[in-house]
Peer 1: 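Below: one structure in structure tokens.
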Amino acid sequence: MAISILSCFRIFTLVMFVLEPNRVLGSRHFGFISYGDNGAGMCASTVATHGYKCQEFEVKTDDGYILSVQRIPQGRVGGGGQIRQPVLLQHGVLVDGATWLLSPPEQSLAMMLADNGFDVWISNTRGTRYSRRHVTLDAKDSEYWNWSWDELIAHDLPSVIDFIFKQTGQKIHYVGHSMGTLIALASFSEGREIDKVKSAALLSPIAYLSHMTTALGEVAARAFVGEITTIFGLAEFNPKGGPVNKLLKFFCAQPGVNCYDLMTAITGKNCCLNSSTVEIFLNDEPQSTSTKNLVHLAQTVRDGILSKYDYGSNYNLAHYGETKPPKYNLGNIPRDLPLFLSYGGQDALSDSKDVETLLDYLKFHDVDKLHVQYIKNYAHADFVMATNANNLVYNQIISFFRNYA
């Protein structure tokens with residue numbers, strides 16, 4: 001049964017706006033990169049311009065992907081001699097680490113953390129603009145894009161955390177937004193890297209997506225998501241590339257389709273965005289991801305459970321040894337791991353009911369280790385771009401981290 005054009009568009013736009021934005025060999029080998037004065041690299045383009053020291057690193061995963069990682073080791077006022085606790089910032093899907101650097105220093109979580117005495121690290125997942133290299137594969141190869149967020153859990157996240165741990169000798173504090181929360185929760189449920197994580201702050205947490213309030217997301221729960229790969233005919237899902245861009249323009253031109261404000265249509269009505277910040281965001285984002293990753297996210301919407309990638313019963317049997325993909329049991333997250341969850345009442349992706357489902361899985365968590373913040377007028381993008389997020393959210397995160405120093 002063929003999936004309808006409108007259904008394709010809805011799935012496409014659903015996953016497109018889940019906001020969230022190289023030379024080293026050897027297993028989990030790590031290297032330091034110094035970019036020249038030509039503006040290459042995130043440090044030169046978005047951090048150093050504000051007067052912060054910034055370092056570029058490359059981290060090779062154990063499956064051969066070479067990831068870009070930035071470090072802001074101290075604030076603008078110095079203090080480089082003191083021991084600073086490391087914080088890892090993990091972005092969502094179809095964006096990169098620049099998501100944390102869109103706002104002015106006094107409104108940017110990354111720079112606020114640095115100015116408040118933390119050693120800030122920013123990760124960029126495979127396939128984004130600074131993380132498109134591999135030991136043997138080229139980003140033009142379809143095999144390069146044969147991954148979903150399962151692989152981010154199994155390879156990217158542990159490789160980056162291991163790197164930071166070896167560089168600093170300290171456990172990290174973690175901050176994730178959107179899919180950055182998903183991979184953390186699933187990872188913690190499997191006991192991965194728990195010995196190297198001190199605490200975690202999860203903004204717009206997504207794990208269960210059954211109650212999304214966006215009409216564009218409703219069809220994803222019942223559509224034949226496995227057909228997306230065939231329809232798009234691409235292993236790489238590049239929103240800025242010709243085929244996907246033309247597809248989007250075609251759909252937006254159809255009667256009854258309003259693409260005037262897609263961000264609001266998909267993320268919910270964000271209360272507190274600055275137009276200049278949104279303009280910067282739209283200039284740089286969205287970034288590429290794998291089509292398989294988007295299919296996996298759509299499966300999560302459709303099935304209402306959190307599980308590994310569903311290849312279909314026959315292929316599941318070959319891949320997992322059972323006909324259904326294994327589930328991630330968030331009830332297995334260690335009860336004594338300090339968690340800070342912040343979610344919004346206007347968020348169309350991280351809907352309040354789905355967050356309540358997540359909290360139900362955490363009902364046996366140590367009471368003094370689970371901190372929950374609800375902001376009635378916040379939607380999905382507010383948590384990374386709102387002009388008042390510094391006071392409402394980021395100061396709370398800083399206090400939370402200090403409590404578990």
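FYI, the numbering just counts along the sequence from 1.
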Peer 1: Between Glu279 and Thr277, is there a side-chain donor-acceptor contact under 3.5 Å, judged purely by atom types and distance?
Peer 2: no
Peer 1: Compute whether any side-chain donor of one residue and acceptor of the other, for Asn388 and Tyr394, lie under 3.5 angstrom apart.
Peer 2: no
Peer 1: Do we see a donor-acceptor contact under 3.5 Å between the side chains of Asn270 and Tyr378?
Peer 2: no
Peer 1: Gln85 and His173: side-chain donor and acceptor closer than 3.5 Å?
Peer 2: yes
Peer 1: Quick one: does NZ or CZ of Arg126 land under 6.0 Å from the six-membered ring centre of Tyr65, within 45 degrees of the ring axis?
Peer 2: yes
Peer 1: Could you check whether the rings of His134 and Tyr144 sit parallel, tilted or perpendicular, using 30° and 60° as the cut-offs?
Peer 2: perpendicular
Peer 1: Classify the ring geometry of His296 against Trp149: parallel below 30°, tilted from 30° to 60°, perpendicular beyond 60°.
Peer 2: parallel
Peer 1: For a quick check under 3.5 Å, do Ser204 and Asp347 share a side-chain donor-acceptor pair by atom type?
Peer 2: yes
Peer 1: Taking atom types as modelled and ignoring hydrogens, do the side chains of Thr128 and Gln287 form a donor-acceptor contact shorter than 3.5 angstrom?
Peer 2: no
Peer 1: Going by atom types alone, do Asn116 and Arg402 pair a side-chain donor with an acceptor below 3.5 Å?
Peer 2: yes
Peer 1: Dump the intermediate steps for side chain to side chain donor-acceptor pair (under 3.5 Å) on Asn146 and Lys292, then the final yes or no.
Peer 2: CA-CA 7 Å; Asn146 185 21; Lys292 183 178 179 180; 3.2 Å; yes
Peer 1: Could you tell me whether Lys324 and Glu322 have a side-chain N and a carboxylate O separated by less than 4.0 Å?
Peer 2: no
Peer 1: Please determine if Glu356 and Lys353 form a salt bridge, counting it only when a charged side-chain N lies under 4.0 Å from a carboxylate O.
Peer 2: no
Peer 1: To the nearest 0.5 Å, how far apart are CG in Asp119 and CD in Gln167?
Peer 2: 9.5 Å
Peer 1: Mark yes or no: Lys198 above the aromatic ring of Tyr404, with NZ or CZ under 6.0 Å from the six-membered ring centre and no more than 45 degrees from the axis.
Peer 2: no
